[in-house]
Amino acid sequence: MKKTVNIIGAGLSGCEAAWQLANRGINVNLYEMKSVKKNPVQNLDYFAELVCSNSLRSNDLKNAVGTLKRELELFNSLIIQSANECAIPGGQSLTVDRESFSKTITKKIKNHPNINVIKKEVVSIDRECINIIASGPLTSPLLQQEITNIIGKEYFYFFDAVAPIIKLESINMNICFKKNRYDKGETKDYINCPMNKEQYELFYNELIKAETIDLHLDDETNLKFFEGCMPVEAMAKRGFKTLLYGPLKPAGISNKDGSKNYAIVQLRQDNAKDSLYNLVGFQTNLKFNEQKRIFRLIPGLENAEFIRYGVMHKNNFINSPILLNEYNQLKSNQNIFFVGQITGVEGYVESTSSGLIAALNVYQLLSEKKMVSFPKTTVMGSLQSYIINTNVDDFQPMKANWGIVENLHIDKKIKKEIKKELYSNRAINDLQHFIKLNKFN
Ligand SMILES: Cc1cc2nc3c(=O)[nH]c(=O)nc-3n(C[C@H](O)[C@H](O)[C@H](O)COP(=O)(O)OP(=O)(O)OC[C@H]3O[C@@H](n4cnc5c(N)ncnc54)[C@H](O)[C@@H]3O)c2cc1C
């Protein structure tokens with residue numbers, strides 16, 4: 001079968017979709033505009049760039065995102081396969097060297113005989129061809145306009161934030177120390193900056209009154225941060241102790257002599273060379289000079305050299321519960337599919353899953369087979385179900401979590417950890433059965 005699909009955007013969802021289709025004999029035109037014009041958070045020339053954290057989160061199957069990765073592996077996911085190849089120490093998380101991760105994916109995509117990479121900004125969609133729109137949360141403005149023409153609805157929008165990165169050699173290791181929370185994992189992957197109460201008070205008081213970048217929002221209610229990526233200063237403004245239960249949580253990290261700290265800032269390795277570290281949970285909208293001044297108040301970071309400052313950016317998503325069916329296909333034009341963050345899933349792994357689901361359905365469509373809905377007992381299927389079945393008024397991007405997976409009716413007395421294991425086992429078993437049934441591998 002030699003049929004062609006246009007995919008717009010070589011990010012996480014677009015690359016995964018291209019890979020799945022190309023491996024099934026479909027020709028793919030993969031459009032990417034990066035080399036013509038980058039968006040404000042892109043730094044690399046390669047595909048599938050991780051624009052903020054370099055972590056694909058937990059590998060623990062008891063965690064829904066851990067199970068989601070296992071589910072994707074059952075389909076030989078390009079993104080998860082490449083992440084495993086480019087993994088660097090990250091405790092229980094799948095953390096990658098962001099450059100080699102993107103480079104690896106770009107190479108595999110460019111070398112695939114069924115994928116034709118086209119370097120250009122797409123500004124109009126050919127309604128007569130099959131298109132997968134994978135242009136992400138920062139879809140270029142001209143394409144946004146075109147999408148608005150197609151769906152006939154205005155975008156929802158809100159803002160997201162990126163954490164700063166500093167040089168390892170500028171961290172004062174006489175003050176900071178390496179240790180994982182609760183000593184989890186075999187290697188010591190995190191650098192910890194300990195704070196006593198006075199140091200925390202000083203830092204806190206400067207942080208809440210620091211100058212932020214003006215986002216020029218007409219209507220404050222449009223400023224909806226998603227909880228997982230809330231700017232550190234916004235979190236601090238919720239109360240003196242809020243950070244102590246969030247990114248500055250001291251639990252599980254005592255000093256060498258066993259003494260406890262009032263607060264801890266954690267730094268996570270950002271590259272394979274182990275020369276750069278990001279401030280975990282420090283996504284921010286502070287002005288750059290304020291970031292330098294205030295983050296240098298953190299003990300051990302008094303001379304921190306910033307490689308990249310934190311920034312905040314626009315994040316688009318469409319009204320999927322109104323617009324899409326369970327195959328990620330536009331109800332009003334069956335030639336158009338949407339995938340990735342633009343559909344309202346949230347996160348690198350979740351976007352990958354969305355690209356994979358749509359690609360398999362496009363394949364079914366082109367091979368004149370029935371399109372398929374994924375079991376709601378799996379993390380893949382539950383995310384998909386979430387974005388099309390949620391109340392339109394409450395629709396907000398969603399990460400993988402057990403709360404959206406179909407209930408498992410078991411004894412309420414069963415321990416939480418065991419329950420999660422049961423959910424995970426069921427998800428993987430059901431997906432294996434689904435794959436066999438539909439002959440997907
Ligand atoms: C600032 C920011 C920080 C984020 N941080 C995290 C995080 O730390 N962890 C996490 O799990 N998730 C994070 N996300 C959310 C999300 O998971 C990622 O954005 C993820 O990359 C989304 O995947 P995607 O495939 O939907 O889009 P992307 O990976 O963004 O890919 C979209 C691609 O489309 C291209 N494109 C756009 N318009 C056009 C056009 N007109 N023509 C051709 N190509 C086009 C872009 O250049 C890009 O390469 C963040 C999002 C943002 C905006």
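Order of listing sets the numbers, starting from 1, for every ligand and every atom in it.
- The shortest N or O to N or O distance between Lys34 and ligand 1 is not under 3.5 Å.
- Residue Glu121 approaches ligand 1 through these ligand atoms, each under 4.0 Å from one of its heavy atoms: 41 (N), 42 (N).
- More than 12 non-hydrogen atoms from other residues, nucleotides or ligands lie less than 6.0 angstrom from NZ of Lys331.
- Under a 4.0 Å criterion applied to the non-hydrogen atoms of Ala134, ligand 1 contributes the atoms 31 (O), 32 (C), 33 (C), 34 (O).
- Looking at Gly136, Cys52, Ala10, Cys15 and measuring to atom 27 (O) of ligand 1, the nearest heavy atom belongs to Gly136.
- Using a 4.0 Å heavy-atom cutoff, Gln42 is listed among the residues neighbouring ligand 1.
- When only interatomic distances are considered, the shortest N/O to N/O separation between Asn39 and ligand 1 does not fall below 3.5 Å.
- Taking a cut-off of under 4.0 Å to the non-hydrogen atoms of Ser351, the atoms of ligand 1 that pass are 17 (O), 22 (C), 23 (O), 26 (O).
- For the atom pair NZ of Lys178 and CG of Asp189, the computed distance is 7.0 Å after rounding to the nearest 0.5 Å.
- When the heavy-atom distances from atom 26 (O) of ligand 1 to Glu350, Gln341, Lys399, Lys119 are ranked, the shortest goes to Gln341.
- In this structure, Lys237 places its NZ atom where more than 12 heavy-atom neighbours from other residues, nucleotides or ligands lie under 6.0 Å away.
- Note on residues 24-53: no pairs pass ring-ring contact (aromatic ring centres under 6.0 Å, His included), not counting sequence neighbours.
- For Arg296 and Glu290, the salt-bridge test fails: no basic side-chain N is under 4.0 Å from an acidic carboxylate O.
- Counting atoms of ligand 1 from 1 in the listed order, those under 4.0 Å from a heavy atom of Lys120 are 42 (N), 43 (C).
- Under 4.0 angstrom from ligand 1, there are no non-hydrogen atoms of Ser354.
- Judged purely by atom type and a 3.5 angstrom limit, Arg426 has no side-chain atom pairing as donor or acceptor with the backbone of Thr378.
- Counting heavy atoms under 4.0 Å from ligand 1, residue Leu12 touches it through both backbone and side chain.
- Set against the non-hydrogen atoms of Ser13, the atoms of ligand 1 under 4.0 Å away are 24 (P), 25 (O), 26 (O).
- For the residues Glu32, Glu146, Gln283, the heavy atom positioned nearest atom 48 (C) of ligand 1 is part of Glu32.
- For the pair Gly347 and ligand 1, the shortest N or O to N or O distance falls below 3.5 Å.
- One distance of note links CD of Glu233 with CD of Gln283; it measures 10.0 Å at 0.5 Å rounding.
- The closest side-chain donor-acceptor pair between Glu16 and Ser77 falls under 3.5 angstrom.
- Tyr327 and Phe337 have their aromatic ring centers separated by at least 6.0 angstrom.
- Counting only non-hydrogen atoms, the option in Leu56, Val122, Thr343 that gets closest to atom 42 (N) of ligand 1 is Val122.
- Within the model, atoms CG of Leu301 and CD1 of Ile171 stand 6.5 Å from one another, a figure rounded to the nearest 0.5 Å.
- Contacts of Ser135 with ligand 1, taken as heavy-atom pairs under 4.0 Å, involve both backbone and side chain.
- Of the polar atoms of Thr139, none of the N or O atoms is found under 3.5 Å from an N or O of ligand 1, judged by distance alone.
- Distances from ligand 1 to the non-hydrogen atoms of Glu346 include no value under 4.0 Å.
- A salt bridge is defined here as a Lys NZ or Arg NE, NH1 or NH2 lying under 4.0 Å from an Asp or Glu carboxylate O, and Arg293 with Glu211 fails to meet this definition.
- Taking every non-hydrogen atom of Gly340 and a distance limit under 4.0 Å, the qualifying atoms of ligand 1 come out as 26 (O).
- Distances shorter than 4.0 angstrom do not occur between any heavy atom of Lys38 and any atom of ligand 1.
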